[in-house]
**Student:** 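Have a look at this one before I ask anything.
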Amino acid sequence: MQLNSNPLFQEMQALNEKLGSASTANEIEKASVLPNMTQSVQNTAGSDFGQLLTQAIGNVNSLQSNAGQMSKKLDMGDPSVTLTDTVIAREKAGVAFEATVQVRNKLVDAYKEIMSMPV
């Protein structure tokens, strides 16, 4: 099987070329390769860690509530919501939740390591 003749491979190469030619986040968004996936990061200079953590958990919560609302609309037969959009929203929420759990696990491990250090 020759990989170059695979249409999926060709599509991936075309997307990679679009990303390679786009030098800024605005150009990537304009290329519509990653629509609605860019998030603005606020200036974190002097920010409190608790505020950053609260903001991150709030983002995960909003992704999960959005996925829930889309699922409910799909179940009710709303024609403006497609199955693919709903699945993508649920996957985004799932990935964000898993990342949050991993960050929590790392924080707990760091806390345990600090607490086990001799004084």
**Student:** Can you measure from NZ (K73) to OG1 (T86) and round to the nearest 0.5 angstrom?
**Tutor:**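 With rounding to 0.5 Å, NZ (K73) is 9.5 Å from OG1 (T86).
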**Student:** If you measure only the distance, is there a donor-acceptor pair under 3.5 Å linking the side chains of D85 and T82?
**Tutor:**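 A donor-acceptor contact under 3.5 Å links the two side chains.
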**Student:** Assess the residue pair F49 and L107 against the criterion (side-chain contact (heavy atoms from CB on, under 4.5 Å)); give the C-alpha distance rounded to whole Å, side-chain angles, the decisive distance to 0.1 Å, and a yes or no.
**Tutor:** CA-CA 12 Å; F49 179 74; L107 286 172; 4.1 Å; yes
**Student:** Which residues, ordered by chain and number, are linked to L83 in its hydrophobic cluster, where ILVMFWY side chains connect at heavy-atom gaps below 4.5 Å, directly or through other members?
**Tutor:**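 The other cluster members (ILVMFWY side chains, heavy atoms under 4.5 Å, direct or chained) are M70, L74, V81, V87.
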**Student:** From Q69 CD over to Q64 CD, what is the distance, rounded to the nearest 0.5 angstrom?
**Tutor:**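 Going from the CD atom of Q69 to the CD atom of Q64 covers 12.5 Å.
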**Student:** Could you state whether I57 and V103 fall into the same hydrophobic cluster, counting links through intermediate Ile, Leu, Val, Met, Phe, Trp or Tyr residues with side-chain heavy atoms under 4.5 angstrom apart?
**Tutor:**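 Per the 4.5 Å side-chain linkage, I57 and V103 are co-clustered.
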**Student:** For a 4.5 angstrom cut-off between non-hydrogen side-chain atoms, does D75 reach K72?
**Tutor:**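 In short, these two side chains do not touch, never coming nearer than 4.5 Å.
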**Student:** Between CG of N61 and OG1 of T100, what distance do you get to the nearest 0.5 Å?
**Tutor:**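 Atom-to-atom, N61:CG and T100:OG1 are 10.5 Å apart.
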**Student:** Can you measure from CD (E91) to CD (E98) and round to the nearest 0.5 angstrom?
**Tutor:**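 Rounded to the nearest 0.5 Å, the CD-CD separation comes to 10.5 Å.
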